[in-house]
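Please read these numbers as outputs of a predicted model, since none were measured by experiment.
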Amino acid sequence: MKQILVLMAVCLLAGCSDSKDDKAYTLQGAWVLQQMDHPVGYTEKYSETTGTQLRLYDGDSVMYQCRLTRTKSGLIIRPIEQTPVRLIDKGHGEHLYLEGDDPRPLTVADDSTLVIQHSGVLYTWRLSNDIATEWGTDIREIMEADLARRDDERERQSYVLSPKERRQANVIHGFIFSTIVIVVLLLLIARIAYDSRKDKRKLQLQLQQILEVQRGRPQVVRQAIESVETAYFKSDEYLTLQKRIGTGHRMKDEDWQDIEGQVRRVYPGFISQLRGLYTMSELEYQVCLLIKLRIAPSDMAVVLARDASTISTVRSRLYKKVFERKGGAKEWDEFILSF
């Protein structure tokens, strides 16, 4: 409430007005104190190398002020204060500038120079874009952390902002990040290798079980299987399937469902064993079904709309993936037919 009354009084006394012809001015960036002109005609000049003051404005709301010294290795800052500010435009480059509740005349001399009057002294501030760009965020964070502590806990200490230290910090951060990425990749590779070995052991066990079952079948079981196969390959159902394939038309989803159903009836455990061997693509799976039904590779190429060479490659690739050794298409056919 007090600040509002002060603003109203200042506006009435100064005759402030909103001029549509003047461009709105906003305090922003880092400003370095260049000189102080006293009413008696005495001027004090300041240099960044010998020590001066720096103000960092975060818009027309907050001002961070600190002591600044520039050295060959970087900047040395000592926090002074953080103050709320307000800028009232009077027009024609003239403003009323409030630090807290204290109004001070402010003149925008040019794009890079401000003059603020306080107690009869003129303070000339020069814009420093390089400090704002390179160190603005760091200075703001340092001052907020430093000024957040109570006065009885805080010693006025200086902070060094060094490009060399920043580069070293960036190198360290980059090294840490790269190390984390490498460790994650190594863990991922190790996990993939472990899963691959696990899958290979599982596949080898499945193949061994299949071969043992085949070798251990009694003669009467083999004869029964052969009898079922012989009857099926002479059935009207199979002859209809061959005629459908012979037309050269590509199979639809319902056709593949019918083929899968026929395979399940003649070879009850074949599809489950086939799915357990290897995660096949739809093309690989369909090729295996057609092999089991004694469909010629040339006919497979027609109904699957693939080249005969592609069908041959699929079969030989399946053999290599499952047995982990080179093999031809005919060897894969023999394996599928032996289920």
Side-chain angles (χ1 to χ4, degrees), residues 3-4 6-8 10-11 14 16-37 44-71 74-119 121-148 158-163 166 170:
Q3 186 175 359
I4 294 175
V6 171
L7 286 173
M8 292 176 63
V10 169
C11 288
C16 60
S17 61
D18 295 328
S19 175
K20 296 182 179 179
D21 298 331
D22 294 321
K23 184 179 179 180
Y25 187 82
T26 302
L27 285 173
Q28 189 69 41
W31 298 80
V32 176
L33 181 62
Q34 296 290 299
Q35 65 183 46
M36 294 170 54
D37 295 307
E44 293 181 74
K45 294 185 178 294
Y46 297 92
S47 169
E48 295 180 17
T49 56
T50 58
T52 184
Q53 292 187 31
L54 171 72
R55 285 186 169 184
L56 188 67
Y57 287 99
D58 192 3
D60 295 339
S61 58
V62 180
M63 180 268 290
Y64 301 88
Q65 183 164 327
C66 63
R67 183 73 180 173
L68 168 70
T69 304
R70 189 189 289 267
T71 66
L75 302 181
I76 301 174
I77 65 168
R78 178 178 295 178
I80 297 176
E81 63 178 344
Q82 175 183 339
T83 306
V85 297
R86 177 74 182 275
L87 193 65
I88 302 173
D89 191 353
K90 296 170 57 180
H92 306 291
E94 299 292 331
H95 300 78
L96 281 179
Y97 166 74
L98 283 80
E99 289 185 13
D101 294 332
D102 184 11
R104 305 175 185 182
L106 180 148
T107 302
V108 181
D110 53 51
D111 291 340
S112 61
T113 307
L114 295 177
V115 179
I116 301 175
Q117 181 178 340
H118 178 54
S119 300
V121 180
L122 298 179
Y123 294 79
T124 301
W125 300 84
R126 179 75 63 178
L127 183 63
S128 182
N129 287 321
D130 64 322
I131 293 179
T133 301
E134 185 172 1
W135 301 109
T137 300
D138 297 290
I139 293 173
R140 186 180 296 107
E141 292 177 351
I142 288 173
M143 292 195 62
E144 287 179 346
D146 185 273
L147 298 172
S158 298
Y159 300 86
V160 178
L161 301 177
S162 171
R166 170 179 281 180
N170 290 336

Task: Residues Y159, D146; criterion side-chain hydrogen bond (donor to acceptor under 3.5 Å, both in side chains); working and verdict - done: CA-CA 10 Å; Y159 300 86; D146 185 273; 2.5 Å; yes
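Here the straight-line distance linking atom CD of Q117 with atom OH of Y123 works out to 10.5 Å at 0.5 Å rounding. In this structure, the separation between CD on Q34 and OH on Y46 is 11.5 Å, given to the nearest 0.5 Å. Between the CD atom in Q28 and the CG atom in L56 there is a gap of 8.0 Å [rounded to 0.5 Å].
Within the 4.5 Å cutoff, the side chain of L161 has heavy atoms near those of the I142 side chain. In this structure, V115 and L106 have side chains that are not in contact, with every pair of non-hydrogen atoms separated by 4.5 Å or more. Inter-residue side-chain proximity for S158 and R78 is flagged as met; some heavy-atom pair is nearer than 4.5 Å. Between M63 and Y97, some side-chain heavy-atom pair lies under the 4.5 Å cut-off. Residues T83 and V62 fail the side-chain proximity criterion, which asks for heavy atoms closer than 4.5 Å. By the 4.5 Å heavy-atom criterion applied to side chains, T71 and V160 are not counted as neighbours.
With sequence neighbours left out, the side-chain contact (heavy atoms from CB on, under 4.5 Å) criterion links T113 to A109, D110, T124, R126. Partners of T49 by side chain to side chain donor-acceptor pair (under 3.5 Å), not counting sequence neighbours, listed by chain and number: S47. Every residue meeting the salt bridge (Lys or Arg N to Asp or Glu O under 4.0 Å) condition with R70, not counting sequence neighbours, appears here in chain and number order: E48, D130. With sequence neighbours excluded, no residue satisfies salt bridge (Lys or Arg N to Asp or Glu O under 4.0 Å) with R67. Listed by chain and number, the residues in a side-chain contact (heavy atoms from CB on, under 4.5 Å) with E144 are Y64, Q82, R140 (sequence neighbours excluded). The salt bridge (Lys or Arg N to Asp or Glu O under 4.0 Å) search around E44 returns none, not counting sequence neighbours. The side chain to side chain donor-acceptor pair (under 3.5 Å) check on E94 picks up T107, with sequence neighbours excluded. Evaluation of the side chain to side chain donor-acceptor pair (under 3.5 Å) rule for T52 yields no partner, not counting sequence neighbours.
Of the residues T69, L68, L75, I80, the one that meets the side-chain contact (heavy atoms from CB on, under 4.5 Å) test with L54 is L68.
The two residues L98 and P103 make their nearest non-hydrogen contact at CG-CA, 4.0 Å. P79 approaches C66 most closely through the heavy-atom pair CA-CB, 3.9 Å. Among all heavy-atom pairs drawn from W31 and L127, the shortest one is CE3-N, 3.4 Å. The shortest non-hydrogen separation linking H95 to L87 is CB-CD1, 3.6 Å. Taking each heavy atom of G91 and D89 in turn, the nearest pair found is N-OD1, 2.7 Å.
Salt bridge status for E81 with R55: absent, with no side-chain N to carboxylate O gap under 4.0 Å.
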